[in-house]
Structure formats: structure tokens, C-alpha cells
Enquirer: 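Structure below; questions to follow.
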Amino acid sequence: MAYQSTGVDFRTRLQDWIPKLVLSPSLAAMLIFVYGFIFFTVYLSFSSSKMLPSYDLIGFENYAKLWDLSAWWVAVVNLMIFASLYIIICTAIGLTLAILLDQKIRGEGVLRPIYLYPMALSFIVTGTAWKWIMDPGIGIENSMHLWGWTSFQFSWIKDRDMAIYTVVIAAVWQTSGFVMAMFLAGLRGIDNEILKAAQIDGASNFSLYRRIVIPMLRPAFLSAFVILAHLAVKSYDLIIALTGGGPGRATELPATFMYSYTFTRNSMGIGAASAVIMLMTIAAIMTPYLYAELKEKS
Amino acid sequence: MASVEQDTAVRTGGISRVFIYGILLIFMLFYMMPLFVMVANSLKPLHEITGGNMMALPQVWTLEPWRQAWSAAQIGVEPTGLKPYFLNSIFMVVPAVVISTILGALNGYVLTKWSFRGDKIIFGLLLFSCFIPFQIVLIPMATVLGKLGLAGSIPGLVLVHVVYGIGFSTLYFRNYYASFPTELVRAAMIDGAGFFRIFWRIMLPVSGPIIVVTVIWQFTNIWNDFLFGASFGGRNQPMTVALNNLVQSSTGVKEYNVHFAGAILAALPTLIVYIVAGRFFVRGLMAGSVKG
Amino acid sequence: MRGYFGKKTAIVAALLASTSMAMAEDVEVLHWWTSGGEAAALNVLKDDLAAKTIGWVDMPVAGGGGEAAMTTLRARVTAGDAPTAVQMLGFDILDWAAEGKLANLNTVATEEGWDAVVPAALQAFAKVDGNWVSAPVNVHSTNWVWANKSVLDGLGIAQPTTWEEFVAAMQAVKDSGKTALAHGGQAWQEATMFDGVVLSVGGVEFYKKAFIDLDPAALGSEQMTEAFNRMATLRGFVDDNFSGRDWNLASAMVINNEAAFQIMGDWAKGEFLKAGKVPGTDFLCFRVPGSQGMVAFNSDQFAMFAQAEAGAQTAQGEMARAIMAPSFQSAFNVVKGSVPARTDVPNDAFDDCGKKGMAELAEAASAGTLVGSIAHGHANKAAVKNAIYDVVTAHFNGEYDAATATTNLVSAIEAAQ
């Protein structure tokens, strides 16, 4: 008996440890490959690194240079315009399509994959097609002219002030269907009895959605926001494929700025400084979300 | 749990239904447009593209660009087409997706059903990792892979994709398992079931939908990656790098029809995954991630 | 540290290279020559090496004029896994040499007598501290104009020889309703035009003072404002739809009789030849008016990275030897549109534009009017090059006027140094 009891004892103690053991490889990988590398980047941002990492510290010089560069300001302002429009429009289109698709639509099974498929493609694949579609000489504008609508104009991609909005269009194309799926899932998860009860009380369709359905989609809104925000900040392929940062430097985003300073301009220190600022911004946006998310669960 | 086929109880009248179908169709055209441009131009001879309307259907239909892109186009010095790179991508994607999904499932299970002090912070750390821009990890990652002797190899690429995939897969599974009744796990524990037994017998059988979501998400992200593939792929470059080599040439002749055919070929696996598994995708999202 | 040892072992390797050729080895080559013609040209080299039982491991990474490949290279070197040979341009070679990562090719160079046949302006990018570190493959030059002969003949325009004639010719084309200047609005394409324009304004002396010595007085001078004015003039002759267009689609406009001129490097010739056009009868090639006798060049080279193993070093030396062989230089450059990097290669295989380019290169090299291209990284380091891109492209796209562009150029270059 004594033998058996120590066995059980050992096993229960092992059981206590197993969850932590299971989690530890992921945690270790995270600490090294994410947080260790972030620390390394912070270090580089204070160093004189040019082409390859160097370890001579030079204080805040890279940050001073960074904020002096007009290109960085352009990138930051572009990100604000891009991210806010992208998140708002994707959410609006996603929600609208989800609500409409939820009206016992014939052919939903066909429409849904069509709305979703852009998420499956990278901009290495679709970039050229978008570039052509938006190009006034060979794309939509030209086709409209050929079909007789000669006053039609769509030349934003060639216009310094408007080009950033073409980036929004392509980005919305890619992810709004995915957001639609998230909202559709949220809608399908709502108990129909609640809606029927409200209808019996005489609520109109509009107020039904505004007062009951949309508030119940709060978790879907939050998830959509996280996914859209992270895609907006990481947007890189999109810019390279669509505008190459042009016309001029009008559509640079922080991600393209960072890449170009780190890898093509051999100014790794400045690139690292811009990366640190990006990470700090992400942290500032994410921390409240994480806090709310984690608090709710406890 | 409501079924995915169930529609809302809201009723709409005839006129508004026309309106609804109209909007849905307009968006369908919007989403289809780039694919149309790619497919239409991939079926034209080159002179029809450079000399004409790129939005038009082909006047002469040809499959030659597709054959070229798959097996004859020049990728570097070898006229191999994209064919040999397809396998490289498969060898990279399959293990990376499997491993990151398993780790995500186990992590989500621990974080929701075996909570301990500090688990929230660990989850927060994992979640934040989703947001790291990949460009900044390139140089330190190269150092680490070099030290591990994994530089320029497929295991190295798998490692990289697993590491940066864990954040999202954990997020999906954690949110899914959070809505699974903890009482069932407790009861099983009292009955003497261990950690892995509970996972295997109780959690896994109900995880179908969220596995679909995670696999779709990881598969598309890893398949479409270019930066890591080009930097760490070495002799085993994945298909996206080959496609990029086909499409991007700075001082050479550009064969747009072959480029488009290649682009569609490179995207086919992800497209198929979306179309085949798309039905389960909404169901999976519904069951888990958006419930928060 | 690796680089330090690498340099020493490379010397040993080069010694070995001359004595033993028995070892079969692979060379791993990182490059961005992925289009059909370019790759076909590289195949010549691959076959040459195969004849010496040296295998070729291909590492193509295309995109952004080598930018993607340079990123890959950095990851490879950081991982301690440098390729044998890397296609590289201008100052990048010097930067990598300064990091101590390149091999020493002196033995092969001495045996083959490279010093005597490679123009000095090119050697400045292939030799560091008197040691050969890379093998130049070709010389491109950027101050070319490509013109549609039938459009010019139709309007009775003769080939312009001065800037004023060039402007008048473009005006005549514009009045006729065609596009005068075919151009793709990408920063590097605008900078490529800027190469020729700066030469046409101030000649080689001004070019060197401003963009090679980076003399602030020259950079901020009246002449610089004039150069920007000329860029604005050119801007007036491009169509509304130029922004973001690929350079080869701009070439197609000239080929298809839609436009009269394009200012572009000699790689544009390939597009014309591929379309079945004949130099002299269908299209003309001439220097940017005002820059005759001067050549702004950029040269693709294969920089050799230090290898640890003797076998790899041997193969590397053989590869360098094969690159510099006159037969390869001729075969490659006929296909690529550029001219050989050594001046003693027979010109029989080249077309008229190629022959002209070879003769002008030789003249410019002896007259001292051969200058590194600003746009293609042969005048200054990457940081400065990109700072110039920023100003040139912003001005060309109408962000500010010529005087402001001059002021901004001075400050941008100062900040980038």
C-alpha cells in the first residue's frame, strides 16, 4: 500500500506540473523570438548600426534624426489616415454584408466564398491586377471610356493627395469579406427568440438591429478591431505591390519606411528607431484591449 | 449552439429584397474584379495585353501562359516553371501548420482549464506577439538560425513560422475553450482522468470548428509569406519566392500573361482551402473566436 | 571575425585556385536576373562552369532592382551562411568589403591581367585597398535616349543634338497629339533621367563635384536649379498617366508609335529587339542631348564572399575567371543589352547600338568622362542615393519648385551622410 501511495503522490504532483510544462516551450519561444528580439531592436535603435548591427551606443541620435525626416512624418500621417479609414470601412462593409446575407438569401453558399476568397491571396498575387484596375490608362477609367462613358474619371492612384485612398480600397477588398464572416458568425450565434420577442413588441427592423443585435455583436467588433489593427500596422506588401510608395513618396507607411531604412538605405539604427516607435504605438492601442479582455474573463 | 444554416427571424418585404440582392451582387462584382482581370489576361497572348484593353476578354484564347508558368518559365537560370517550388511550399506549410495548431490547442487548453497564477499575463504576452512586424526580427532570427545550424533549410523555415504562428493559434483556441463548460473538465478530473486524457477525450472531440479556423488562418499566412521564405529558404525556396522571381524583373521583358497564370497557380492551394473549408470557417468563427 | 579569417583563407584559396582544378565543387549564386533574357545570359556562365565540373546552385531573389536580394544577403551573412557570389552594384560592394566579408581575387586577377583591360572607373568598385574583391560582368549606361524613328520622320524631326533642339523636338511631337516622352513614374526612373540631365547641364566636372564629392556649393548652385528646371521641362512632356508605370511599358509606348522618346538605360534595347525592331531603321539610340561624349555608367558585378573551405574557394576563383573571359563577356552582353566590362572584347557580335555603346565607353574611359550613375548606386552610398531619389521624385511630382528642390537636396544629402 505504501508503495502505491507514493506512486499516486508522484503522479498528482506530475499532474500539477504538466500544464506548465506544456506551456513552457511556447513561452520560451515567445520570450526569445519576440521579446528578446524586441529588446535587440531597442538596443540597435540606440546604436550606430548602418549595414549590419553594430554595438556602439550613440544615445538618442537616431530618434532625433528620425523625427527630422519629412518622409517619416508622411508615413505616420499616412498610417493614421489609412488605418482609421481601413478599420471603419471594413467594419461597416463587413457588418452590412453580414446583415444582408443573414436575410435568408438564396445562393448564400456561392456568395460567401466569393466574399471571403481575397483573404486567401497575398498582394504578391493580386498587386499587379489592382495596379492595372486603378490605372486610368489601362484600367477602369479606360474601359468606361471605351464603353462610351467618356466623362468617367478615376485617377486617384496617379494623384499624390488621393493615392493613399486607393491603398484603402485594395486593403478593404482583401479583408472586408473576412470581417463579414466574423459578423455573420456573431449574428448566427444570437438567439432568435430574443429577436422574435422584440418584433412582437413592434420594433422596426432598423431599431431591432440598432438596439438589440449590434450591441450583442460587441465581441465580434473587438475581434475584428484586433485583426484589422494588426493588419493595418503590418501593411507592407500592399504598398509595395500597388504604389511602390509613390507617386513620389506619397504613400509610404511606417512599415515600408522601416524596411527601406533598415535594408535598402543601410541606416539600420534609424530603421530600428522607427520600429520601436511602431511597437510602442501598438502597445498603447493593445494594452487597453488586452486589459479589458483579460479582466472580463476573471 | 445554433447551426450555421439558421437565418435571422427578421422578415423583409419584396422591394427591400430586390435592394438587398442588388447590394450583394454589386459587392460580388467588386470582389471578383481582380480575379477576373488575372484570369482574363492569363488566357491572352502577350501582344494583346501590351497593345490593348487589359479589362477585356481575350480575342485569341490560349492556355500556353499556364503551361509556361507551371513548367517552362525561367525561374533564375533554370527554365523549370513553378512546379518544383510547389513541393518546397508543401514541405514547409504542412509541418508548420500542424505544429502551431497543436501547440495552440494545448496552450488554449492550459490557459482556460488549468489556470494558475500569472496565466493571464502569459496570454497577454502571447497575444502581443501577433503584432510584431516581421521585418524587425529578420536579422536576429538569422543569427539564431545560423547558431542552430538551421539557416537555409526547411526545418528552419518551419521553426520560424511555428514561432510566429503560436500567438494567433493560441488566441483562437483559448477563446473557443473559454466557452466550453469547465464543470465537465472538473468532473473528469475527479474521476481521475489526467491532463492529456481530458484533452484527448473531452476537448479534442469538440474542437473541429476551431481547428478549421486555425488551419485556414495559418495555412494562408504561411503559404503567402515571402519575407521569411526569401531570407531563410536557402536552396529550398517556397513558391511565393519563385513567383516573385517570375513576376519581378527589374531590367527584363515582362510577360504579363505568364505572370498572371503563375500568380493564380501559386494561389490555388489557398483558394481551394477557402472554398472547400469556407463553410466550416463561419461555423468555427461562430463557435469560438468572436464570442470573445 | 569570420570576415577577418575569411580574408586570409581566401588568399590561400586563390593560390590553390591557380594550382589545382581537380576538385568538383558548387558555387552558390545570389542574383536578381530572373527574366527570360537575363537568365539565358547567365546560363552561358553556368555552362562554362559546368565544363570545369563546377556545379551551380541558383539563389534568385528578384524585386526592387536587387533590394530584395540585398535583404536576403544580409540574413544569409548574419546566419554565417554567405553565398559564393552575389550580384551587386557599386557602393554595396565597397560597403561589404568594409565589413570584411569579401574574398580576395588577386591571384586570378594577376594571372588574367584584369588591371590592364578593365577601365579605372570600374576598378574603383571592384578593387578595395588594391585587392580585387569582385568580378564585373557588364557596363550599363544610363544617359541614353530611345526614339521612334518613324514618328520623328513623320514630323520631319532630325535627331536632336542640343538640349534646345531636344525640347523643340518634344514640343513638335506634343503638338502633333502624340506623347513626347514616355516615362514611368517610379523614383529610380526619374533619377535615371536625372543622370543625363545633370550631365547635360554642367558636364562631367559639375557632375563629379556635386554628386561624387558632394560639395555643398555645387549641390546648391544655380546649375543645380537649372537641372531641376530641365526635369520640370521633361515633366511637361510626359503623359498624365505616367505615375507608377513600369519602365518597359514606357518602352512599349515608343515601340507602338504612341510616344517619340524615352530616356532610359541601355537595358531598354532588349524590349525594342524583342519587338522585332532594328536599330537605325526602326528606332534610334543616342545620348541625352548635351551629354554627348560622356557616359554615366553602372556595372553589375559578382562580389565574391569569403569562403571557409578550400574547395569552395577554388570554385569561386574559377567562377571569377570565367566571368572575365572575353568570350563570356561578349556572349552575355549581346543578350543583356549592355557592353563588356573589359575594353578588349571584339564587337562583331553586337548590334549598332551596342557597337556605339562600346566605342563611347572606350572613349569616355580614356578621356576621363566616364562617371558613376547617381541613380544606380555608382556615385554614392545607398543612404545618399536614396536621399537624392526623395528630392528628385518629389520635385518631379510637383511637390515643390526647382529652387526649393535645390535647397532640399543640400539638406537631404547632408542629413544622409
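In what follows, every chain begins at residue 1, and chains take the letters A, B, ... in the order their sequences are listed. All of these numbers come straight from a predicted model, not from anything done at the bench.
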Enquirer: For chain A, which candidate among C:R74, C:K385, C:M70 shows the most heavy-atom pairs at distances under 4.5 Å?
Expert: C:R74
Enquirer: Do the ring planes of C:H183 and C:F396 sit parallel (below 30°), tilted (30 to 60°) or perpendicular (above 60°)?
Expert: perpendicular
Enquirer: Determine the interplanar angle of the A:Y236 and A:Y259 rings, folded into 0 to 90°, and report it as parallel if under 30°, tilted if 30 to 60°, perpendicular if over 60°.
Expert: tilted
Enquirer: With chain A as the partner, which of C:D95, C:D390, C:T78 has the greatest number of non-hydrogen pairs under 4.5 Å?
Expert: C:D390
Enquirer: Identify which one of C:Y389, C:F228, C:W188 satisfies the ring pair (Phe, Tyr, Trp, His ring centres under 6.0 Å) criterion when paired with C:F194.
Expert: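 Among C:Y389, C:F228, C:W188, the one that satisfies the ring pair (Phe, Tyr, Trp, His ring centres under 6.0 Å) with C:F194 is C:F228.
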Enquirer: Just checking, is any N or O donor in the side chain of C:E258 or C:T179 under 3.5 Å from an acceptor N or O on the other one?
Expert: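 No donor-acceptor contact under 3.5 Å links the two side chains.
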Enquirer: In terms of ring plane angle, is the pair A:F257 and A:W72 parallel, tilted or perpendicular, where the classes change at 30° and 60°?
Expert: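 Ring orientation, 0 to 90° scale: tilted.
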Enquirer: I'd like to know if the side chain of C:K101 and the backbone of C:M304 have a donor-acceptor N/O pair within less than 3.5 Å.
Expert: no
Enquirer: Examine whether an atom of A:M268 lies under 4.5 Å from a heavy atom of chain C, and if so say whether it belongs to the side chain, the backbone or both; otherwise answer neither.
Expert: side chain
Enquirer: Can you tell which part of A:L242 gets under 4.5 Å to a heavy atom of chain C, answering side chain, backbone, both or neither?
Expert: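 Contact with chain C: none, neither part.
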Enquirer: With only heavy atoms counted, which part of A:T262 is less than 4.5 Å from chain C, the side chain, the backbone, both or neither?
Expert: backbone
Enquirer: Sort by residue number and list every residue of residues 51-60 of chain A having at least one heavy atom under 4.5 Å from chain C.
Expert: A:M51, A:L52
Enquirer: Excluding sequence neighbours, so at least two apart, what forms side-chain contact (heavy atoms from CB on, under 4.5 Å) with C:A126?
Expert: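 side-chain contact (heavy atoms from CB on, under 4.5 Å) list for C:A126, sorted by chain: C:W132, C:S134, C:P136, C:Q301.
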Enquirer: Is chain C contacted by the side chain of A:S155, its backbone, both, or neither, given a heavy-atom distance below 4.5 Å?
Expert: neither
Enquirer: Angle between ring planes, C:F125 versus C:H378, binned at 30° and 60°: parallel, tilted or perpendicular?
Expert: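 Ring orientation, 0 to 90° scale: perpendicular.
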Enquirer: Using heavy-atom distances under 4.5 Å, tell me whether C:A98 contacts chain A through its side chain, its backbone, both, or neither.
Expert: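 When you check distances to chain A, no heavy atom of C:A98 falls under 4.5 Å.
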Enquirer: Taking the six-membered ring of C:F242 as reference, does the NZ or CZ atom of C:R245 fall below 6.0 Å from its centre and within a 45° cone about the axis?
Expert: no
